[in-house]
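I have placed the structure first, in the form of structure tokens, so that the comments after it can refer back to it.
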Amino acid sequence: CCLFFFSRLIFGTLYPAYYSYKAVKSKDIKEYVKWMMYWIIFALFTTAETFTDIFLCWFPFYYELKIAFVAWLLSPYTKGSSLLYRKFVHPTLSSKEKEIDDCLVQAKDRSYDALVHFGKRGLNVAATAAVMAASKGQGALSERLRSFSMQDLSTIRGDSSSTVPPSVTVRTSSKQSHPKPSRSASEGTGSSGKC
């Protein structure tokens with residue numbers, strides 16, 4: 001199993017990728033077409049492999065057969081990818097090209113509509129969540145501030161005798177019960193008190 005993954009990575013992906021680079025760099029049309037056919041067949045192989053791995057992994061020599069298939073696709077002697085492309089893939093895609101294009105256009109339109117729909121829905125959910133969080137947060141904040149202010153007021157009311165100096169309390173009570181004597185009267189009282 002691990003041998004297959006490493007051989008597929010090296011021979012099925014990196015080796016063809018390097019030679020594809022060389023074909024693009026040299027602008028050799030034959031090499032370019034050859035590697036394009038390989039990548040089309042390799043993409044189909046990878047897609048088929050996703051399903052066959054589920055059902056056929058128990059088959060004896062399954063991974064060895066896949067290694068041999070990748071080597072057959074790459075070999076310049078067998079030209080497996082060119083053979084499969086010319087015999088099966090190209091005729092099938094040519095006959096079904098219009099239907100495939102129509103399906104792709106419809107899928108593109110549907111996916112765009114679905115993306116817009118889910119995007120709007122997601123934004124609505126996020127906005128609602130943000131508003132609810134803000135309103136709960138504001139309500140909790142205002143309630144907390146209200147409780148703090150009520151607590152502070154009750155503390156001041158309960159400790160008014162200890163927080164307010166007694167001299168102020170006496171003055172306040174003397175203002176209410178007795179009028180303040182004038183200065184001349186207090187001087188006169190002071191002189192009569194001396195006598």
Side-chain angles (χ1 to χ4, degrees), residues 1-140:
C1 183
C2 291
L3 176 67
F4 167 72
F5 290 118
F6 284 117
S7 61
R8 179 182 156 184
L9 177 69
I10 293 168
F11 297 111
T13 308
L14 295 177
Y15 176 82
Y18 180 70
Y19 277 96
S20 299
Y21 154 75
K22 289 188 79 140
V24 170
K25 183 179 175 187
S26 66
K27 297 179 183 170
D28 185 359
I29 300 297
K30 286 184 179 180
E31 284 295 307
Y32 187 77
V33 169
K34 177 181 116 176
W35 288 113
M36 286 301 292
M37 287 189 282
Y38 169 80
W39 286 116
I40 292 168
I41 297 298
F42 189 75
L44 293 173
F45 166 69
T46 305
T47 305
E49 179 187 38
T50 304
F51 300 105
T52 58
D53 281 353
I54 297 169
F55 300 111
L56 298 176
C57 63
W58 56 269
F59 192 75
F61 303 110
Y62 172 69
Y63 292 103
E64 288 80 4
L65 288 171
K66 289 193 334 183
I67 292 171
F69 181 73
V70 170
W72 179 75
L73 288 178
L74 281 173
S75 174
Y77 302 110
T78 60
K79 298 181 181 176
S81 58
S82 296
L83 179 71
L84 286 177
Y85 181 82
R86 292 177 200 274
K87 291 276 185 184
F88 301 105
V89 176
H90 185 77
T92 305
L93 290 178
S94 294
S95 65
K96 305 283 184 188
E97 188 172 0
K98 186 169 179 4
E99 291 90 357
I100 293 170
D101 287 341
D102 291 342
C103 287
L104 288 175
V105 167
Q106 288 176 2
K108 183 180 174 184
D109 292 342
R110 286 181 189 158
S111 63
Y112 178 75
D113 292 342
L115 183 67
V116 168
H117 173 71
F118 286 120
K120 286 180 181 177
R121 204 168 176 192
L123 285 174
N124 287 339
V125 168
T128 303
V131 167
M132 289 184 71
S135 65
K136 284 181 182 177
Q138 184 181 7

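If you're wondering where the values come from, they're calculated on a predicted model, not measured in any experiment. Note that these values count all heavy atoms, side chains included, but never hydrogens, waters or copies made by symmetry. Throughout, residue positions are numbered sequentially from 1 according to the sequence presented.
- Of all heavy-atom pairs between A23 and Y32, the closest is CB-N, 3.8 Å.
- A donor-acceptor contact shorter than 3.5 Å is absent between the side chain of S81 and the backbone of I41.
- For Y19, the OH atom sits in a loose shell: 12 or fewer heavy atoms of surrounding residues, nucleotides or ligands are nearer than 6.0 Å.
- Contact of the R86 side chain with the M37 side chain is registered, since non-hydrogen atoms from C-beta on lie closer than 4.5 Å.
- In this structure, F42 has its ring center closer than 6.0 angstrom to the ring center of Y38.
- To the nearest 0.5 Å, the span separating CG on D102 from CD on Q106 amounts to 6.5 Å.
- In this structure the side chain of I100 reaches within 4.5 angstrom of the side chain of L93, judged on heavy atoms.
- A donor-acceptor pair under 3.5 Å is formed between the side chain of T47 and the backbone N or O of A43.
- Listed for the T52 side chain is a donor-acceptor partner under 3.5 Å among the backbone atoms of E49.
- Ion pairing between K34 and D28 fails under the 4.0 Å rule for side-chain N and carboxylate O.
- Looking at Y85 and L44, their side chains never come closer than 4.5 Å, going by heavy atoms from C-beta outward.
- Without hydrogens or angle criteria, T13 side chain to I10 main chain gives no donor-acceptor distance under 3.5 Å.
- Taking the side chain as every heavy atom from C-beta outward, F45 and V70 approach each other to under 4.5 Å.
- Contact record, F11 with L74: O-CD1, 2.6 Å, taken as the closest heavy-atom pair.
- Put simply, NE2 on H90 and OG on S82 are 13.0 Å apart, with the number rounded to the nearest 0.5 Å.
- More than 12 heavy atoms of other residues, nucleotides or ligands lie within 6.0 Å of OH in Y62, so this atom counts as buried by the packing criterion.
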